[in-house]
Structure formats: C-alpha cells, structure tokens
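Lettering follows sequence order; numbering is per chain, from 1. Only this structure's heavy atoms are used, side chains among them; waters, hydrogens and symmetry mates stay out.
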Amino acid sequence: MSTDTGTETREQARIGDTPFRYGAELAEEIERRWQDRWEREGTFQAPNPGEPGSERAKVYLLDMFPYPSGSGLHVGHPLGFIGTDVLGRYLRMTGHNVLHAMGFDAFGLPAEQYAVQTGTHPRTTTEANVARYKAQLRRLGLAHDERRSVATTDVDFYRWTQWIFLKIYGSFYDAQQRRARPIEELEAEYAAGTRSSPDGRPWGELSEVERRALIDSFRLAYVTEAPVNWCPGLGTVLANEEVTADGRSERGNFPVFRRNLKQWMMRITVYADRLAADLDRLDWPDSVKAMQRNWIGRSEGARVRFDVVGAPVGIEVFTTRPDTLFGATYMVLAPEHPLVDQIVPGAWPLDTDPRWTGSDRSGRPAPDQTPAEAVAAYRATAARKSELDRQENKDKTGVFTGALAVNPVNGQAIPVFVADYVLMGYGTGAIMAVPGQDQRDWDFATAFGLPIIRTVAPPEGWEGEAFTGDGPAINSHNDEISLDGLGVIEAKRGITAWLAEKGAGESVVQYKLRDWLFSRQRYWGEPFPIVWDEHGPIPLPDGQLPVELPDIADYAPKTYAPDAADTEPEPPLSRAADWVNVKLDLGDGVRSYRRETNTMPQWAGSCWYYLRYLDPHDDKYFCAPEIEQYWMARDPSRPGDPGGVDLYVGGVEHAVLHLLYARFWHKVLYDLGEVSSEEPFRRLFNQGYIQAYAYTDARGSYVPAEEVVESPDGGFTWNDAPVSREYGKMGKSLRNVVTPDEMCERYGADTFRLYEMSTGPMEVSRPWSTRDVVGSQRFLQRVWRNLIDETTGASRVSDDDRVEPQTLRLLHRTIAGVHTDFLALHYNTAAAKLIELNNHLTKRGAAVPRSVAEPLVLMLAPLAPHIAEELWSRLGHDATLAYAQFPIADERWLVAETVEYPIQVNGKVRSRVTVPANADGDAVRVAALAEEKIAAVLDGRPPRKVIVVPGRLVNVVV
RNA sequence: GCCCCCGUAGACCAACCGGCAGAGUCAAUGGAUUCAAAAUCCAUACAGUGUGGGUUCGAAUCCCACCGGGGGCACCA
C-alpha cells in the first residue's frame with residue numbers, strides 16, 4: 001500500500017490512541033495466529049471410527065472440489081466453501097464429529113494446453129496451482145481436516161481410480177438380480193452350462209478367443225465401435241453430456257460430428273431404471289432431480305416387429321404409441337442402422353415415386369441410381385453433417401431403401417426409408433411412422449408424398465396437422481381386434497396385448513440415456529490399466545498398479561481443422577513408444593503387449609474422491625469398509641435412506657454430468673459389496689453464484705470495474721467517460737475480478753466471510769459489491785469494542801451477572817433463532833439477529849455482562865471464527881472454542897410477559913392494545929373492543945364478527 | 001415450443017401454518033466528533049410487495065392469467 005508520509009504519520013497517531021481497535025491490521029494478525037494454532041493443534045482433524053471423539057454423532061459435509069485453475073480464486077468461488085464451513089463449525093459446537101475436507105479435481109484441459117504452449121509439464125503447473133489454492137483457502141480460516149486433502153492427479157489417488165476401473169471392467173450386470181456381479185461368476189455359469197451362449201454352442205466348444213469376446217460383451221466397461229461425438233478441433237471424442245444442445249463442444253465451442261470410432265464405454269444404461277427410481281430417495285433440489293430424470297428419459301411403450309418383404313430379417317421398432325399402429329404408413333431406419341444393407345434390394349419396386357430415390361450431387365432426382373447407390377449416397381451425406389447442421393436444418397431428408405415392410409396389424413406393405421431424423425442411439429434406431437399422430441412424420445410424409453391416416457379423432461374444429469392429444473381411436477380394426485372408440489390408454493393396452501399374443505411385439509420401457517463414452521485422446525488424465533494383445537484388451541492385475549503417465553515431449557493430441565469430420569483421433573500417449581510397447585508376464589509367460597493409449601475423462605476422479613477423503617492414506621483399500629460404514633452408512637431410522645454424504649454443496653452446473661456419473665460408480669461399488677451406501681450424496685444443496693457488474697467503454701472494450709463511478713443521474717463513468725454496465729460472471733477478461741486475498745488484506749477474512757454470508761441465503765445468486773463489505777467490518781468492530789478496551793486490549797466485560805429481563809429475553813430469542821437459521825443455511829438472518837443483539841448491547845451503555853458476552857461470542861464463532869476465538873481467549877478461556885457448547889436457549893426467557901395486539905377493523909389496522917401474555921381469547925376480545933378508538937368506530941353497535949388470533953392480532957368485522 | 005425457479009424501499013435481502021410489510025447491510029439525508037478530512041458514532045426518511053383477477057374476516061404468502069428475469073430440455077419415436 002502506498003501512502004504519502006503525512007498520512008502515515010497521522011495513521012500512526014490514530015493507532016497510537018487505540019492500538020486495539022479492530023481493523024484490517026489487527027484482524028490479519030489475529031487470523032494468522034489462530035490459523036497457525038488450529039494447524040499446530042490439529043483442531044479440525046476428524047477422528048475415524050475407533051479413534052477418540054468418534055463416539056460423537058458423525059456428520060460428513062462436502063463441497064464440490066474445485067479445478068485449480070491458473071488464475072486462482074475469485075470471491076465467487078469460496079461462497080459454498082464458507083457456507084459448509086459455517087455449518088460444520090456450528091455442528092462441531094453442538095456435539096458432532098464433523099468431517100470436512102478439501103481436494104482438487106486436478107486433471108484437465110487448461111494445464112495440458114498450457115503445457116502444449118510452454119513445454120511445462122502439466123504436473124508442475126497443476127502442483128503450483130494447487131499450492132496457490134491451498135494458501136488462498138487457508139487464509140479464509142476454513143476448518144478443513146488438512147490430512148484428508150487429495151488431488152485426483154496424485155499417483156496414490158489415481159492408482160485407486162484405476163483399481164475401481166478394473167472393478168467395473170471385471171463386472172457384468174445381472175438383469176434378473178438387477179445388480180452388478182463379478183464377471184467370473186458369469187464365466188462360471190457358462191462353464192457350468194447354467195447359462196447358454198447366444199448361438200447355443202456349449203462353452204467347451206468355443207475357442208479361447210471366442211470365449212473372451214463373449215465375456216467382454218457383458219462387461220460394464222467395454223470397447224466398441226459405435227457412433228461417438230468426434231471433435232476434430234479438440235482432437236478428441238466427447239461424451240454426450242459434454243456436447244451442447246447446438247451440437248458443439250462444451251469446451252472450446254467446436255463443431256462435433258457423429259463418427260463410428262472404437263472407444264471405451266461405460267454401460268451406465270443398465271442402471272437407468274435404478275438411477276431414475278432412486279432419485280425419489282434423495283434429498284435433492286427438485287430442479288436437479290428433474291434434470292436427471294429428463295436426461296435419463298424413461299418412457300413406456302412397445303417394441304413391434306415388422307417383417308420385410310423378401311428379406312430374411314425383420315425390423316424392430318420402439319414406439320410410445322402402439323395404439324396408432326393402424327396409421328403406420330411407412331418406416332424409417334437411422335442412417336447408421338446395421339440392417340440397412342441386408343434389406344436393400346437390387347432394384348426399385350415398380351412405380352417407385354421419383355421423389356424417393358435420392359438425388360445426385362446437384363440435388364436433382366437421380367432416377368438411374370440403384371437402391372444401394374442411393375442409400376450409400378444418402379448415408380455419406382448424413383455422416384458429413386455435423387450435429388449443428390442437424391439442429392439448424394430440420395427439413396426432412398431421406399431416401400427409400402427399396403424395401404417394403406409388412407404392418408403386422410393389417411398385412412399392408414409399407415415402404416422403408418433411411419432418414420436422419422431417426423437417431424441410431426435411441427430405441428432400436430428404427431421407427432414406424434404415423435404421420436397422423438406425429439408432427440415429424442407428418443412433415444416427412446408431406447415432403448415425400450406419403451399417405452396419412454388418422455387413427456385418433458382430433459377434436460371438433462381441429463385445424464392442425466398431426467394430432468398428438470387424446471381422443472377416440474378411429475380406422476383401427478382388423479378381423480381380430482378393434483380399437484375404434486377407445487381412448488389412447490385403453491387402445492395402447494388392447495393392441496399391446498394383441499401384439500404379444502401374436503408374437504409381434506411386447507410392452508417395453510425405453511431410456512434416452514446412452515452409454516457413457518469413457519476414453520479421451522488426451523495426455524493429462526488417468527491411463528487405463530489395460531494392455532492389448534492381438535485379440536483385444538486385457539486388464540492388468542492389481543499388483544501392476546499404478547500405471548503411471550510417462551513423460552513425453554509433446555503433450556498435444558493431434559488436432560485438425562474444426563470441420564474436418566473425416567479425420568482420426570490420435571492420442572498423445574501413442575507416441576510414447578517405450579511406454580506403449582511392454583513385455584509382461586500376465587500368467588502365460590512373458591509376452592509383448594501394447595498399452596492402451598487413451599486416458600480417462602476428467603469425470604473419473606470426481607466419481608469417487610468423496611470416498612478417499614474418508615481414508616486418504618490407505619494403501620490396502622481405496623477406502624476401508626468400516627470407515628466407509630461409519631461416515632456413509634444408511635440411517636435405519638429414516639425409511640428408504642440410501643446413505644451417503646450428509647450434505648453436498650455445489651453449483652447447479654453439475655446437475656447431470658458429475659452427479660450422474662458418480663451415482664453410477666457408487667451403485668456399481670455397492671453392488672460389488674465395496675461400499676455399504678447405495679447413493680453417494682444423500683442431500684444435495686445448490687448454492688447461488690456471486691455475480692458481478694462489468695463495464696464497457698464506447699468502443700466496447702472492458703474497463704476496470706473497480707474504477708467506475710456512478711454519476712448522480714444513475715449512469716456510470718470511467719475516467720469521466722460514460723460506460724455501459726452489464727451483469728454476469730466475474731472474469732479476468734471482463735476486468736471485474738475481485739479476489740479473496742484483496743478482501744483479506746483490506747478487511748480481514750472474518751469480515752469477508754461475514755459479508756458473503758450476510759448478503760443472502762445460500763441458495764440465492766447475488767451481485768458482488770465491494771462497497772458494502774464495510775458494513776460487516778463495522779459490526780465486528782462494534783462487537784469487539786463492546787467487549788474489549790480499544791486502548792489497552794483488556795476485557796471490558798462485567799462479571800456482575802444481574803442482567804435485566806429485557807436483555808435476557810433478547811439474548812435467548814437470539815439463541816433460539818440462530819439455531820434454526822444455521823441449520824437452514826440461512827446465515828444472513830443469523831447474522832442479522834447477532835447484529836440486533838449487539839446493537840442492543842451498544843445502546844444499553846453499561847459494561848456487557850459475561851453471561852451475555854460469552855454466548856454472543858460463541859454464536860458468532862461459526863461465521864467469524866478468528867475474532868471469536870480471540871475474544872474467547874481474552875475473556876479468559878485457554879482452549880479453542882471450536883468444541884465449546886453452543887448456547888442453548890432458556891425457555892423461560894422466550895415467553896414475553898405482555899403482548900401487544902394490533903386491532904384491525906375490516907382488515908385494516910386501526911389501533912393496538914397491550915394485554916398480559918397469558919390472557920385468553922375472550923380477555924383479548926374484551927380488551928380490544930374496549931379500546932377507545934375501536935369503541936368509537938363501533939359506536940355502541942355490536943360487531944358482526946371478532947377474530948382473535950392468539951399472539952397475533954384481533955380483527956373486528958363490522 | 002415444453003419444463004423448472006424467481007420478481008418486496010435506490011441496491012442486497014427479512015417477514016414461520018395466510019395475521020402489524022421490516023430483522024440486518026449498503027447507499028441517501030441530518031447531526032456528533034474533527035482546524036479540516038478520513039474513520040467512527042447517533043438519528044431520520046424511504047416501498048404497500050411485477051400487472052390484472054379470484055378465494056378469505058384478512059393475501060407478499062394460496063389459486064388463475066399475463067408481463068419481466070434466470071436456468072434446463074428440444075427431430076428421443
């Protein structure tokens with residue numbers, strides 16, 4: 001800080017008068033001292049089961065761990081961390097064993113990109129960033145158990161990420177038992193003949209390679225050639241969840257293409273039903289549950305089989321509207337559908353509509369093409385379209401395959417098309433098209449001149465196209481069944497039963513959720529514990545873990561022009577030849593293998609870090625069972641409780657990705673008996689964001705927000721030039737970043753914490769306002785001044801314990817209120833109540849009695865722990881207050897002696913009357929009616945009605 | 001287009017099961033302190049709850065419609 005000499009002298013003179021005034025300097029000294037002491041004494045180390053202190057009721061609080069970015073924390077980041085810290089400190093003072101730790105989600109793109117640019121190893125960057133984050137967080141006085149901190153990039157940590165991967169790889173999903181089981185049990189069932197192979201051949205007749213392929217096809221982690229999101233601009237493939245609604249990469253905003261590529265997948269779809277159903281057992285915000293349900297996308301319908309004329313195969317479709325089957329006038333297969341090649345005939349049927357047979361490069365009909373050529377041309381065009389093209393252009397395109405299918409309800413032959421409005425990834429990748437009841441089919445039918453048959457009668461006066469609502473079925477009968485006149489629900493039931501009887505279909509539940517693409521072509525991620533021989537992947541034994549990342553010269557994956565759809569991913573690890581080619585003895589002698597060169601996605605570590613906090617240094621288990629049980633077990637006193645972390649706090653942006661993946665891993669671990677809890681996070685809380693104003697000048701460039709002043713007319717100027725204001729994120733490029741370090745310097749961490757907690761309840765987003773922070777500082781200063789002599793630093797508290805009832809009532813009302821507020825995470829109202837109490841003590845004038853001062857300090861401690869510890873010690877206590885008993889309200893002082901009742905006449909307050917608190921309803925009524933203004937209004941007439949709300953008010957109706 | 005959340009003094013926010021619109025903070029205004037300023041302290045004022053209807057003795061709170069803001073989903077058969 002630079003000030004001229006004159007100011008400094010005066011500053012010193014001031015401090016000379018009151019060296020113990022609570023200001024930034026004193027705050028900083030106090031804060032450092034207590035942070036050191038907490039660390040030295042291990043104050044916040046939470047005992048595990050069996051250790052002293054573990055007999056207290058446990059609470060596991062968790063923050064979504066941060067990615068340690070190069071720019072450090074701004075004031076928005078720690079909002080949730082402070083919130084959980086306040087709750088943790090409160091719970092510790094009410095007798096709980098609180099586990100609260102902080103780790104780092106440290107794999108990720110920025111460190112890798114920085115490495116590509118500068119050649120600095122990502123580990124170097126990452127470790128420096130983690131150290132900086134830790135220093136910033138320490139300064140805030142967060143009561144973390146520092147022994148439990150982990151980073152996903154620690155070899156000791158990712159060794160266990162790899163171990164869990166192997167567990168998942170080594171499992172299959174038993175659909176009957178609805179749980180994952182070890183893959184060896186599947187193998188045993190095949191060997192014993194209790195389960196037969198798909199083609200019926202006995203296990204003994206399969207070759208070793210065939211056996212491996214069969215078993216691999218059941219694994220929960222598997223390699224497959226499937227349509228994936230290929231992003232040439234990033235040089236990597238992405239999960240569905242990482243692609244935005246407009247078909248671009250969430251990171252970098254590059255176009256994404258659907259490509260068939262060989263990639264690792266996680267079979268999350270087999271858990272779709274449990275992931276959806278168990279949401280009901282979670283204490284989560286409705287919005288997040290809704291988003292997950294939406295993403296999982298459960299829908300009930302039927303599978304229906306259509307024969308294909310002249311082909312040995314049939315087409316299966318999924319439909320949610322089997323009741324409209326009589327209106328199916330054509331079918332569509334997704335362009336990638338494997339059956340396409342099998343059904344395409346050598347020539348078009350006679351009289352094929354020329355619009356159906358595809359077009360040449362100039363878009364004109366090309367009647368000379370064979371069906372195979374037309375289909376191939378269309379497939380090629382569809383594959384070249386990016387997701388974005390598909391989104392933007394919803395005009396229906398497609399081509400006739402030349403094949404005809406048979407509608408099972410009426411034997412009608414209907415044309416089969418290939419069109420990209422049908423997606424391979426949903427249902428069976430094929431649909432029956434019912435233009436009368438589906439707008440997409442209507443659009444396609446209109447474009448291609450296909451017939452439209454309504455099978456649900458639209459309401460009188462219907463002028464729309466496809467009718468998707470409820471109504472009586474029409475045109476829906478054959479010799480055996482008639483749906484006509486039935487409503488949609490009954491018609492569905494009727495036709496599904498008929499299809500089942502005929503063997504042409506059955507009812508089925510379908511999910512939108514797709515398997516999780518689990519490999520990335522990146523350097524800075526967990527290597528797979530997998531090697532390859534000529535037949536496929538082979539898991540490494542536990543003893544070979546960890547598989548460490550090799551040092552390489554070039555960290556970048558091969559990237560391409562963003563729209564180069566036909567390119568191939570090339571992972572950086574594939575260039576580390578010495579690492580890739582290994583000779584290992586995996587049980588049948590030393591042989592050569594190639595290592596898997598993809599790495600895991602960033603989500604892997606965050607799928608289980610909360611388990612590692614519990615047992616961070618264990619080298620035998622990822623988390624010892626008795627420790628997991630202690631912190632995570634289901635609570636038998638709560639019916640349906642799935643167990644898990646007691647409170648998980650973070651932003652809503654992880655509603656689907658992280659929270660869905662973590663739930664999936666946890667359920668696998670539960671099925672395999674590795675954890676006792678069924679869900680990772682029993683209660684979830686979304687904190688709001690701290691947002692900020694940013695200002696742009698006339699040219700549209702951002703100016704430093706700190707230097708902008710508000711003019712009297714409500715406008716804003718910077719260097720006297722008008723600027724315009726926008727509201728949103730805090731960021732370097734917006735020039736509006738405020739850091740917690742700055743706030744600690746200017747006001748102290750306690751003031752900063754209190755400010756963040758005072759501006760609103762935890763769940764609300766709000767603007768940052770540096771100008772307002774001083775209010776929190778003034779409050780702490782007033783508390784300090786009430787208890788401490790600013791000249792000597794000695795306690796001013798009086799030991800005379802005769803306290804007037806008015807003060808006692810306020811004290812106990814405050815105690816009672818603060819308990820409720822802390823538990824509800826309404827720290828803003830808790831702070832307001834403490835301010836109110838302190839204001840009362842200030843106005844009261846006389847020295848504050850110890851019996852009021854001490855509870856005040858204890859109640860303040862969760863919010864402003866350093867100043868509270870300091871006051872507590874200056875009041876004569878040697879030990880930390882972290883485990884002191886939080887004040888308990890005395891019921892006697894919660895009841896008032898008299899109550900003032902407002903008296904309403906016809907709902908408007910006209911007067912008030914004070915009566916003894918124990919007065920009954922009749923007494924209150926009598927007192928109210930006798931009150932002179934009311935008596936005057938009534939003027940002798942009897943009121944029509946008198947409503948007495950005990951403790952609240954009286955309403956006189958005339 | 002569909003779904004979810006939110007609209008209260010100039011700003012951020014309180015108000016429990018429908019019962020006096022105000023706990024707290026900033027800013028504003030007046031005053032004390034000061035040679036002056038900063039800092040500090042004391043005091044004051046400020047909205048009838050986005051709009052329009054409905055239910056009720058009584059609505060910020062419950063219901064309906066609309067307006068505004070934020071978020072999610074969107075060719076998912």
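- Here the options are A/I495, A/D438, A/V456, the test is side-chain contact (heavy atoms from CB on, under 4.5 Å), and the partner is A/R321; only A/V456 passes.
- Searching all strands for a Watson-Crick or G-U wobble partner of B/rA23 with both distances below 3.5 Å returns nothing.
- Contacts of A/K512 with the nucleic acid, taken as non-hydrogen atoms under 4.0 Å apart, include base atoms.
- Residue contacts for A/V946: at a heavy-atom cut-off of 4.0 Å it reaches no nucleic acid atom on any strand shown.
- If you check distances only, the side chain of A/D772 never reaches the base of B/rC26 with a donor-acceptor pair under 3.5 Å.
- Searching all strands for a Watson-Crick or G-U wobble partner of B/rA14 with both distances below 3.5 Å returns nothing.
- Between A/Y755 and A/W768, the ring planes are perpendicular. Angles over 60° get that label, and only those under 30° would be called parallel.
- Contacts of A/S769 with the nucleic acid, taken as non-hydrogen atoms under 4.0 Å apart, are absent.
- Nucleotide B/rC73 forms a pair with B/rG1, judged by Watson-Crick or G-U wobble geometry with both contacts under 3.5 Å.
- The pair A/R293-A/D280 meets the salt-bridge criterion, with a side-chain N (NZ, NE, NH1 or NH2) lying under 4.0 Å from an Asp/Glu carboxylate O.
- Classification of A/E506 and A/R305 as a salt-bridged pair holds, one side-chain N sitting under 4.0 Å from a carboxylate O.
- In this structure, A/I835 and A/H826 both approach RNA chain B, and ranking their closest nucleotides by distance from the 5' end singles out A/H826.
- Within 4.0 Å of A/S765, counting heavy atoms only, lie sugar-phosphate atoms of the nucleic acid but no base atom.
- As rounded to the nearest Å, B/rC13 and B/rC2 have P atoms that lie 30 Å from one another.
- Taking only side-chain nitrogens and oxygens, A/S758 never comes nearer than 4.0 Å to OP1 or OP2 of B/rC12.
- With both ends at atom C1', the span from B/rC64 to B/rG30 equals 48 Å, rounded to whole Å.
- The nucleotide whose nearest atom lies closest to any side-chain atom of A/N294 is, among B/rC13, B/rC73, B/rA77, B/rC73.
- If you take atom C1' in B/rG58 and the same atom in B/rC42, they sit 39 Å apart, rounded to whole Å.
- Using N1 to N3 plus N6-O4 or O6-N4 for Watson-Crick, or N1-O2 and O6-N3 for G-U wobble, each under 3.5 Å, B/rG7 pairs with B/rC67.
- Taking only side-chain nitrogens and oxygens, A/R778 never comes nearer than 4.0 Å to OP1 or OP2 of B/rU25.
- When both pairing distances are held under 3.5 Å, B/rU55 makes no Watson-Crick or G-U pair with any nucleotide shown.
- Ring centers of A/F716 and A/Y695: under 6.0 Å apart, within the cut-off.
- Atom CE of A/M757 sits about 5.0 Å away from atom CD1 of A/I82, to the nearest 0.5 Å.
- Heavy atoms of A/V957 sit under 4.0 angstrom from primed sugar atoms or phosphate atoms, though from no base atom.
- Base engagement by A/L953 is indicated by at least one non-hydrogen atom pair under 4.0 Å involving a base atom.
- Taking atom C1' on both nucleotides, B/rA23 is separated from B/rC5 by 25 Å, rounded to a whole Å.
- Between the CD1 atom of A/I903 and the C1' atom of B/rG19 there is a distance of 14 Å, given to the nearest Å.
- The interatomic distance linking A/L657 (CG) with B/rG72 (P) rounds to 12 Å, in whole Å.
- Comparing the same atom, P, in B/rU61 and in B/rG50 gives a spacing of 8 Å after rounding to whole Å.
- No contact: A/R944 has no heavy atom under 4.0 Å from any strand.
- When the C1' atom is compared between B/rA9 and B/rA21, the two are found 11 Å apart, to the nearest whole Å.
- Judged by the 6.0 Å distance and 45° axis criteria, A/K396 is not positioned over the aromatic ring of A/F444.
- Base pairing of B/rA45 is not made with any nucleotide, judged by Watson-Crick or G-U wobble geometry with both donor-acceptor distances under 3.5 Å.
- Taking every side-chain heavy atom of A/Y426 into account, B/rA77 is the closest of B/rG72, B/rA77, B/rU40.
- Within the 4.0 angstrom heavy-atom criterion, only backbone atoms of the sugar-phosphate kind lie near A/P761; the bases stay farther away.
- Rounded to a whole Å, the CD atom of A/Q904 is 17 Å from the P atom of B/rU56.
- Look at A/R782 and you won't find any side-chain N or O under 4.0 angstrom from OP1 or OP2 of B/rA39.
- B/rC62 and B/rU55 have their C1' atoms separated by 8 Å, given to the nearest Å.
- Rounded to an integer number of Å, the gap from CD1 of A/I296 to C1' of B/rC73 is 14 Å.
- Between B/rG19 and A/N955, no contact under 4.0 Å exists linking OP1 or OP2 to a side-chain N or O.
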